[in-house]
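See structure below.
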Amino acid sequence: MQETLFETELTITQEYEKILKNNYPSQQDKYGALDLINWDFKEFQTQYLSHRFHSYPARFIPQIPKTFINLFTEKNDTVIDPFCGCGTTIVESFLNRRASIGNDFNPLACLITKVKARLISEEEMSLLSKKLLELKRYTDSDHRKPEYYRKLPKRNVSNLFNRDMINELCLIKEGLDELKEKEKIYDLGLVALSSTIWSIIESENGVEIFANFYRKIINMMGTIREMRALVKKEPNVRVIHGDARFLKIDSNSSTLIVTSPPYVNALDYYRVHMYNMLWLGMNYEDFRKHEIGGHSHYIANRFRLLSEYLADMLRSMIEMNRVLVEGGVCVIAIGNSSLEYELIESYKRFLDFASYLNFRPIKTIFRNIDTTKKYTSKDIGKIDDEYIIVLEKTNNIGISSKDDAFVEEVVTKQMKEFEQRVKENPGSSLRGKRVSEKRLKQNADRIAEAIRLIPQDIKIKGG
Ligand SMILES: C[S@@+](CC[C@H](N)C(=O)[O-])C[C@H]1O[C@@H](n2cnc3c(N)ncnc32)[C@H](O)[C@@H]1O
């Protein structure tokens, strides 16, 4: 039985690899190859090599970028992900020997991405191993009083961590800080520390902090050795801590974008990663101000989040168009969301944006998500489907992402269409819940108010 399973698995993977490696004479044939792929990737390994370094909510499976990178780029091309998160697209570009640029406003995302897409020499790793042994002595003997504790905002930290835990984490952080000059191993240590903090947050039964941290570093170093054998010459990787609405990337510099943007009203990454950032000394307040899709504001009228989100995504798509070469391919993966019992089909909104931006729609792929492999949360429920829209840039648009008048016009049109749809079919995302007529009527009033407030809500916040 075991053997049969193993054989089927190999065949499916081999078939997939064959589709990727085939020679396709034209762009049209490459688009055709997308239809040969079973996008559910059910039997596939989705956590391999450095993809395992750090968990990240709502990341996409590596097979999505891997497919497009193999089909649509050549050796010297550059791949961009403007919302790179934990760097899935960047790691796949690295493993497939393509240069890449990852951008994210979450400083933790940038750190994780950097560490996952670079090699470290044996010499540097031995320095880290030495430091680990030293740290083990400190944490075992408990004689060293951590200084770092004094620098932490105590009120926030003590919510989740007791005094002993704080001591141990501080000792690790201080020990790592002594490696600051050795950027690669320092960063790797920080990612292992952040991942340990994540384990503490997720765990119900407590975590042996140093043992957890130690194991993570040893595993990560083992993985980097494996990657060294696979990637002989490191491709160029640039990771930018920046805003997807105003990319610090030259125009016409890439042939492929593969990205999964934030969802409206789904997660506040700044909140999810607040403790990690706090421990690593990162500025999460700044990220909060620039985060797209967050929902810690407009509490009284959630539909204002929608117009704000649409404006932010329109600006980001203008930027995606700018950085792509003509004929370049833009791939956006996104699922549906729900706002006050109304269904938000973001992929349809993005397809509509495409029509203003000289993006030719090539196809929309629907995929079922194996929910055991994708982030779920009690706030958003399961993200159980995903649409992958494939666009081709036909030519440059003479529009800037700072053009508020253009953004206002397009968002107003979309919000009015949404208003009409809700009037005709209220409660499109009830999912079996019962809601009063009054509540649905209230939604209509709130949408009307959100439309009135568009000129102020689409303005860029946070400076
Ligand atoms: C769905 S996640 C991307 C996950 C990624 N595909 C992966 O596999 O890890 C969306 C990302 O958008 C980022 N983000 C939110 N607002 C942003 C902004 N204004 N500029 C750049 N990135 C932003 C979030 O930090 C988050 O990492």
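Only heavy atoms go into these numbers, but all of them, side chains included; no hydrogens, no water, no symmetry mates. Every number for a ligand or one of its atoms is a count from 1 in the order of the listing. No experiment lies behind these values; they were computed from the predicted model shown.
Judged by distance alone, the side chains of Gln414 and Asp352 do bring a donor and an acceptor atom under 3.5 Å apart. Side-chain contact annotation: Asp104 with His241, donor-acceptor N/O pair under 3.5 Å absent. Between the side chains of Lys216 and Asn212, a donor-acceptor pair is found at a separation under 3.5 Å.
For the side-chain contact (heavy atoms from CB on, under 4.5 Å) test with Ser253, the passing option among Leu324, Leu247, Thr78, Ile80 is Ile80; the others fail.
Ion pairing between a basic and an acidic side chain is recognised when a charged N comes within 4.0 Å of a carboxylate O; Arg322 and Glu319 show such pairing. Of the charged side-chain nitrogens involved, none lies within less than 4.0 Å of a carboxylate oxygen, so that Lys66 and Glu92 do not count as a salt-bridged pair.
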List of N/O pairs, ligand 1 versus protein, all under 3.5 Å?
from     : atom 1 : to     : atom 2 : distance (Å)
ligand 1 : 6 (N)  : Ser260 : OG     : 2.7
ligand 1 : 8 (O)  : Phe60  : N      : 3.2
ligand 1 : 8 (O)  : Thr88  : OG1    : 2.6
ligand 1 : 9 (O)  : Cys86  : N      : 2.9
ligand 1 : 16 (N) : Ile292 : N      : 2.9
ligand 1 : 19 (N) : Asp243 : OD1    : 3.2
ligand 1 : 19 (N) : His290 : O      : 2.9
ligand 1 : 20 (N) : Ala244 : N      : 3.0
ligand 1 : 22 (N) : Phe105 : N      : 3.3
ligand 1 : 25 (O) : Asp104 : OD1    : 2.7
ligand 1 : 27 (O) : Tyr56  : OH     : 2.6
ligand 1 : 27 (O) : Asp104 : OD2    : 2.8

